[in-house]
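Residue numbers start from 1 in every chain, and the chains themselves are labelled A, B, ... in the order their sequence lines are given, proteins ahead of strands.
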Protein chains: 2
Amino acid sequence: MPSSRPLRADARRNREALLAAAREAFLADDDAHVEEIARRADVAVGTLYRHFATREALVAEVYRQEVAELCASPARLLAQYAPDEALRTFLLLLVEHAAVGRGMGEALESIMATDSPVFDDARDEMARALDELLAAGVAAGLVRSGISGRVVLRALGGICGMRAKGWKDDALRIATILYDGLRYGAANHG
Amino acid sequence: MPSSRPLRADARRNREALLAAAREAFLADDDAHVEEIARRADVAVGTLYRHFATREALVAEVYRQEVAELCASPARLLAQYAPDEALRTFLLLLVEHAAVGRGMGEALESIMATDSPVFDDARDEMARALDELLAAGVAAGLVRSGISGRVVLRALGGICGMRAKGWKDDALRIATILYDGLRYGAANHG
DNA sequence: ACTTAAACGGAGTCCGATTCACCTTATGGA
DNA sequence: TCCATAAGGTGAATCGGACTCCGTTTAAGT
């Protein structure tokens, strides 16, 4: 699909400006309007819609870039730490990235919570990253078996939705509980 | 506030019809429109807005009734089961109630995730219910100390937002992990 | 029955996402 | 270099859904 015809120069420039503007806008104030994003990118709304079918599609693309970066880390973490420590670190990284994406609001929660085909890639990629870490932990006998990355991902979905004042402290505590819960079974049962 | 003047008979009838209609509507299809809710209750939108300042306020009230019912259970559970079993059962009950509320959509997630003063009561009540169970567990040496009900509640917030197909199985698995994570510390540390 | 404060109805307003008919400009070939 | 033309850009108009406003109706006290 991306090989149909190489984008015209101005088109690529605008597309990238829009993505950058959107990322900025989401970081700054929660839930920026499309007009605001277009203004920041110095284009008209029509141009925004030429590149992204809906506001949500734009959010999804911005988020996909974040996710791609995050999902590159398991290999690195497993090379550097023991499997359980790698898992713990990844869960904490997830919290950091949630901090980055916090401003994306509801659309981001949709990524975590729905089966919308638009978001399948991002979800699959994160689930795969978690699977990788869980599998390594199970193989080493440090993590309980029978839990899929998808399940852990959903548990963490709640973290990303948090908008309250002390959210980050709470998010870190929750990540810790999950981590302990995941290790728990390794010692006692299957 | 509710003692300012006893509502007129037709007003009370309509208010109750609206709450019932809203509950029905939310159970049926996700995210029903205010016009639809008013139609089900056989009143005009203006009447809906006389009783509830915003759509969200209506959702909140419907949800508060659910929460009140749920929050009555800890005392009963503690009388019937050991503290850790009571906690486990309550977490599972929470999933059941999430099933009821699933259709309420984003507004419900807000209850869990924001500090909006509108939702303080519901959140406090659930946190209190969890505190009660956690405290009993800690006193019996069956649950780790240092975790507040508010934190557990936030971890569970993610469950309520789930709209994907296999959500309930996943939710139950997550509740189990949390439960194990909470017990974990009792044996090993704090 | 009469008064009147309370409640109701529902067309209209507001606000943000999305569309579309028309204008502008890269780009590749003569 | 210059033109043809299709890709790309524009922004006023449309649409959808929450919310408002004020004229009409009615419960309930006397």
### Task
Mind checking the CG-CG spacing from A:Leu93 to A:Leu77? Nearest 0.5 Å is all I need.
6.0 Å
### Residue list, side-chain hydrogen bond (donor to acceptor under 3.5 Å, both in side chains) with B:Arg128, at least two apart or on another chain
B:Glu132
### Task
Sequence neighbours left out, what passes side-chain hydrogen bond (donor to acceptor under 3.5 Å, both in side chains) with A:Arg39? Give chain and number order.
A:Glu36
Kindly write out the residues that satisfy salt bridge (Lys or Arg N to Asp or Glu O under 4.0 Å) with [X], not counting sequence neighbours, or none if the list is empty.
X        : answer
B:Arg8   : B:Asp10
A:Arg173 : A:Asp170
B:Arg15  : none

### Query
Is the shortest heavy-atom distance from the side chain of A:Arg144 to the side chain of A:Arg183 under 4.5 Å?
no
### Query
Heavy atoms, side chains only, cut-off 4.5 Å: are A:Ile37 and A:Phe26 in contact?
yes
### Query
What is the 5' to 3' range of DNA chain D, first to last nucleotide, that sits under 4.0 Å from any heavy atom of chain A?
D:dA7 to D:dA12
### Query
With respect to A:Phe90, which candidate in A:Leu133, A:Val152, A:Leu78, A:Leu134 satisfies the side-chain contact (heavy atoms from CB on, under 4.5 Å) definition?
A:Leu133
### Query
With sequence neighbours excluded, what pairs up with A:Ala68 under the side chain to side chain contact (heavy atoms under 4.5 Å, CB included) test?
A:Glu125
### Message
Run the side chain to side chain contact (heavy atoms under 4.5 Å, CB included) test against A:Gln65 and tell me which residues pass, sequence neighbours left out.
### Response
A:Leu19, A:Arg23, A:Glu61
### Query
Roughly, in whole Å, what's the span from CG in B:Leu18 to P in C:dG9?
10 Å
### Task
Quickly work out the A:Leu48 CG to C:dT19 P distance and round it to whole Å.
12 Å
### Task
For each nucleotide in nucleotides 21-30 of chain C, reading 5' to 3', give B when a protein heavy atom comes within less than 4.0 Å of its base, S when such contact involves only the sugar-phosphate, and - otherwise.
----BSS---
#### Entry: Under 4.0 Å protein heavy-atom contact, by nucleotide of nucleotides 11-17 of chain C - B base, S sugar-phosphate only
B----SS
### Any pair counted as salt bridge (charged side-chain N to carboxylate O under 4.0 Å, His left out), so long as it reaches residues 81-95 of chain A, sequence neighbours left out
A:Glu85-A:Arg88
### Task
Could you walk me through whether A:Arg150 and A:Asp131 pass salt bridge (charged side-chain N to carboxylate O under 4.0 Å, His left out), step by step?
CA-CA 8 Å; A:Arg150 209 178 84 263; A:Asp131 278 340; over 6 Å; no
### Task
Strictly below 4.0 Å, heavy-atom distances to any atom of DNA chain D: list the hits from residues 36-44 of chain A, or just say none.
A:Val43, A:Ala44
### Message
With a 4.0 Å cutoff (strictly under), does any side-chain N or O of B:Thr47 reach OP1 or OP2 of C:dG9?
### Response
yes
